[in-house]
Every structure is written in structure tokens, then in C-alpha cells.
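Note sheet for the following structure.
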Amino acid sequence: MNGQYDVLNPWAEADPIRLRGISPRVADFAGKTIGLFAGRTKVAARPILTIVEKRLKERFPTLKLSWFLFGYNLTVTDTEDKARFEDWAKGVDAAITAVGD
Amino acid sequence: MAIEDLGKPAVALCNKDFLFDAQSAALGKGMPGVRIVPEAVPCECSVMEQIEAEINAVMDDIIAALTQPLSDEEKSPKPKEVEKFSRIVFKDDLEEVNRFFYKRGWADGLPIVPPTEEAVEEMLKGTDLPRDYVVGKIMPRLGKATVEKIAINAVMAGALPTYMPLLITGVQALMDPKSYFGIWGVSTSSFAPFWIINGSVRNDLNINSGSGALSPGDIANATIGRAMGLIIKNIGGIRKGVEDMGVLGNPGKYTMVIAENEEESPWEPLHVEQGFNKEDSTVTLYFHNCYSQIMPYGTDDKGILSGVIYNVIPDRKGLFCLILPPVHAKTLAANGWIKKRIKVFISEYARLPAYRHGGKFGSYLGAPAKEQLPMNPEDPMAIFWKPDWIRVIIAGGPGNFIGLVQGGAAEGMDWVTKKVELPANWDKLVEKYKDIVPTYVR
């Protein structure tokens, strides 16, 4: 067959996403509180952050660490844990997150 | 990103092979600069020595990600130029059209039907909705599923215009948060949508509920599922290996569509169980990644149900569809079984010793609550924690085999059933396309 086809585009349009920057970093870790946010849906998340915790404590003895364990495969602010999460975030200077994948 | 949005600096650790996926997700949520440290911990690793070795290797990167000052781009990201397409995106012969679509990532590996203006106009006769009506915005890129875009993808799949009402309903089902589409659609578990059709549309559209209902050969079963797959890809923007991180993949992503054989069922059909009227036509959706067929242990009720409870897969402890051929459904009904009793029986008696379940007495994915865990590894533990996650449908031809279609477990997910809305000219449309059925030489 040698017919010519004018074809339409299957790829959908999407509204532009408002882009935002990330937060300023901390200057150092001395005396700071670092949050450890572990998803609970993948088995490696918590052990990963357990190692991170160990190594950070060895390097920065005055550092405090604060855990947040999250059990859903969803965005935390879309769940019933939102208030708990926001309270936790208020108490940390920076955070490290792990999914386990 | 939720942490960053509260003004606190954060770094995300992810397996290096998921880096593109993580970056795509960050861009999709408006924060392309989120700092991600790729590490080489094997996915879902359970070996502590491996985890320790790989995390030790990236500790400097983790600290740097939280302390190194931001670049201008990280402080204020600029949107990238988006490629603009004209309405007629390409013109050539059939072979070149197919190559163009495939190379663009818009096809699924099989030849497509070229979506010309004429073909799309004909497809749009399957709905009364205007072409620019937005049925929903499909994750993850929140692409606008306009009626026209649905029709374009439907043409590509080889669908008939009479399938448009089901495709529109299918998009509505994907939009329902209970479908968990945003998670299952991209999961490493390669979940595929299973579409179950009830009501009079089954017969109007010749959707197979009998012999080989899940095999190739029926245009409705084949192209409704295929069209939904193209819609997910081209409107939702789910790309294999980028957003869709399915480890092995799933042939069900091409299509998995079945009609329930309501006429030969001794029980209420699925959509009535889901709260709809018998005369409604509906589409039911859930995501599965494990389809097996088993021979029951006997053809009496004990043999049928023993086959089920001893063969369900323990790792797939979520939504479960039991497909019974009519002969077994009638045997069970004659012995006093109803759907509810079957579901309770399966959830109670599909058990294994705790140590044979994943993780510590249960998969870490939605592990049972502490009070449900047994004390000893040898104690039997249920595979299905919620009888309400189980559904029983009647389908298939003559013969003994039973279908077990299992999915994952997560709080908040559920079976999703939506009513199909038909256009005003439905009867005429059905009449036009009803005779498109295969005739086999005998």
C-alpha cells in the first residue's frame, strides 16, 4: 500500500508546572539536628538510614538525629500523617530521605 | 520535596538505576533541582553488609548535598523549552508513519492504525462529549485526557468507535485514587490494569466472556485494553525504564480485558456487588501482576475451593480476582455457596506457615498489624487479610481450569467500578459495528 496519511498527535498537552527552587543548605553539621525520613514500604529504606545515622554520629559527635517512619506509598502531606510530619520537620535543620529502591 | 517545601534542605538517596525516574518525578512535581545521591545498594536489599558498604561509599556525597551552596539554577530553575507540535504531526505512508510513531515512543511495539482526521472523526461518533472536554489529567505528567486525545489513541489501537464510552470510563477509573494507578502504574512489580466489563455493553460490543476470553482473537478485548495502554503512555507520559520501573514487565500491559458471563452465573454480577444496578453497564478496574491458571483438586465444591486455597501465591496478598468457569460456579451454588461465603472461606483458609511468608511473618509491603502476627514461625498465617479484597467473577469456556489473578496490597486501594455513559445514538452505532466478528473456517 502506498497511501499517504496525515496523522494527528497522540501525545497530550499538560499545563506548565510552576517550578520552585530548593532550600538553602546548612553551613555545617555541628550542633545541628538532621532528620532521617524512611519510607516503610521497601525493606532497605530503614537499614540504609541506620548506616547513615551511624556514620554521621561518628563524624559529628554533637549532631542530633531525628527519625520519621512513613508507612504509605503516597506523598506524606496527602495522608493522615501530615500534621505529625510537619511537626517533625519543624524540629530538624535538614533531612535525608531513603526509599530503599 | 515535602521537606524542601517546608524550607528545610533535604537530600534523597536512591538506587543509581532509578536516578532518571527520581529526576523525572522531581521535575513532574515542580522541583527539578532536588538533590539526589545515587547509591548502589541493590533494590530492596536485605543484606546489611552490602547496604553498609554502598552507603559508606556515598557518605561524602550525602554531606555535600546538604552543605554545598546552591547554584543559581537550583535557587531559581528555568522552564525548559517544550517541543511544539502542529496538529498534523506527520505525513507519509503506512510504514513510515509506524516508524515515526515508534521512534517517538508513542507506540507499543505493535503496528498502529494511523490516526488521521477522518479516522478520529469516526471514532468521536462514539461519544456525545465535545472533543476538547477534559475527562481527567493522567499522572504522572498530568496530561490532559481530552476526548480527542482518547480518540486518537483509540484509533491507533485499532478500536471501534463503539468502544469510546468504555475508554472514557476507563480514564475516569484511572483518576479514582482508590485505583492506586499513580503507584501501580509505575511500580517495579509491573502491575497491569485488569478491566472487567459488566452490563449490556458486553453483548453490544461482543466482548468475550467465554472460551479464551483472555486470549488474542477478539477485537474488543484486544483493543480496549491496548487503547488504555496507549492512553496511559501518551497522555499520562509513563515511559518504560524512566517512569515505569517494572523489573520484568507484564504482557497484561498490552491488554487484559474480560466480560463477566452474567447469563451463566448463579450469583449477582460484579457490578451489582459493587453497588450498581443490574441494567447499568460498568467498567471495573484493579491492578494485578500475577495471573495463574490451576486445575482444581476435584470437581465438587471441596475440590474446587481446595484448588484455590492451596495455589494462591503468598507474596501477592492484595486484591484478588477468582475467575470461575460457569460449570464450577454452578457446582458451588448447588452446594449452598454464595460469593460472600467463598470470599470469607478463601481469606480464612488460604494459609501458610508464617515463615513461608515474605519478610518477618509477612511481606514488608503492607505487613499485618502486630496483633495479627503469630508467635511461632510454624503457625499458619492467612495470605489475604481482608475478604473484601477478593472478588469472584464467572467467565471462561467449557473445561476445568480456574483463573487466579492477584495483585499487591496497600492501604487505601480498592476495586474501582464506574458506570458507562452511552451516547444518544448508541443503538444505531452498535448496529453499524455489531457484525464485526470473526468467522472461523470449520
Side-chain angles (χ1 to χ4, degrees), chain A residues 1-29 34-35 37 40-45 47-52 54-56 59 71-77 79 85-86 89-90 92-101, chain B residues 2-4 6-15 18 30-34 41 43-46 48 51-52 55 59 62 66-70 74-77 79 85 87-91 93-94 97 106 114-116 120 141-145 149 152-153 156 183 234-235 364-365 410-411:
Chain A
M1 188 186 287
N2 210 20
Q4 293 283 299
Y5 299 91
D6 294 346
V7 288
L8 302 178
N9 184 357
W11 188 255
E13 288 175 10
D15 292 326
I17 301 164
R18 182 182 69 86
L19 299 183
R20 49 208 197 282
I22 56 176
S23 302
R25 307 290 101 174
V26 294
D28 53 56
F29 280 13
I34 299 293
F37 182 107
R40 264 202 300 228
T41 53
K42 301 270 179 169
V43 71
I48 283 173
L49 291 178
T50 301
I51 301 300
V52 170
K54 233 166 134 183
R55 296 286 97 85
L56 286 177
R59 289 206 205 187
Y72 299 99
N73 228 337
L74 299 165
T75 303
V76 63
T77 46
T79 70
F85 164 73
E86 286 172 350
K90 279 186 196 141
V92 306
D93 297 294
I96 303 166
T97 73
V99 170
D101 244 347
Chain B
I3 298 166
E4 292 276 0
L6 292 173
K8 302 292 171 85
V11 60
L13 306 184
C14 83
N15 178 279
F18 283 73
M31 200 177 278
V34 79
V41 175
C43 293
E44 308 191 47
C45 186
S46 60
M48 211 55 197
I51 295 173
E52 183 154 16
I55 293 303
M59 277 309 299
I62 295 170
L66 288 178
T67 54
Q68 247 173 29
L70 303 185
E74 286 175 318
K75 286 181 200 168
S76 189
F85 292 104
R87 180 170 173 75
I88 301 295
V89 72
F90 189 70
K91 174 178 176 154
D93 64 23
L94 181 64
V97 163
W106 293 341
T116 60
V120 173
R141 62 186 285 267
L142 300 177
K144 294 182 194 175
K149 288 294 181 189
I152 291 169
N153 283 281
M156 288 167 62
I183 305 296
N234 293 327
I235 300 179
Y364 51 84
L365 283 170
E411 280 302 321

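Being a predicted model, the structure only gives us computed values, none of them experimental. First the proteins, then the strands, lettered A, B, ... as listed; each starts at 1.
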- Query: Among all residues two or more places apart in sequence or in another chain, which pass the side chain to side chain donor-acceptor pair (under 3.5 Å) test with B:K144?
  - Reply: A:D15
- Message: The criterion is side chain to side chain donor-acceptor pair (under 3.5 Å); which residues satisfy it with B:R141, sequence neighbours excluded?
- Response: none
- Task: Can you tell which part of A:V52 gets under 4.5 Å to a heavy atom of chain B, answering side chain, backbone, both or neither?
- Result: both
- Please determine if B:E74 and A:R20 form a salt bridge, counting it only when a charged side-chain N lies under 4.0 Å from a carboxylate O. no
- Item | Segment of A:A27 engaging chain B (4.5 angstrom heavy-atom cut-off) | backbone
- Please report the closest heavy-atom contact between B:L66 and A:I96, naming both atoms and the distance. CD1-CG1, 3.7 Å
- With distance as the sole criterion, is a donor-acceptor pair present between the side chains of A:D101 and B:N15 under 3.5 Å? no
- Mind ranking A:E13, A:K90, A:E86 by heavy-atom pairs under 4.5 Å with chain B and telling me who comes out on top? A:E13
- chain B contact via A:I17 - side chain, backbone, both or neither, heavy atoms under 4.5 Å: side chain
- Query: With a 4.5 angstrom heavy-atom cut-off, which part of A:D28 approaches chain B: side chain, backbone, both or neither?
  - Reply: backbone
- Task: Mind ranking A:L8, A:T77, A:L19 by heavy-atom pairs under 4.5 Å with chain B and telling me who comes out on top?
- Result: A:L8
- Task: Return yes if some donor-acceptor pair links the side-chain N/O of B:K149 with the main-chain N/O of B:I235 below 3.5 Å, else return no.
- Result: no
- Query: Between A:R18 and chain B, which part of the residue has a heavy atom less than 4.5 Å away: side chain, backbone, both or neither?
  - Reply: backbone
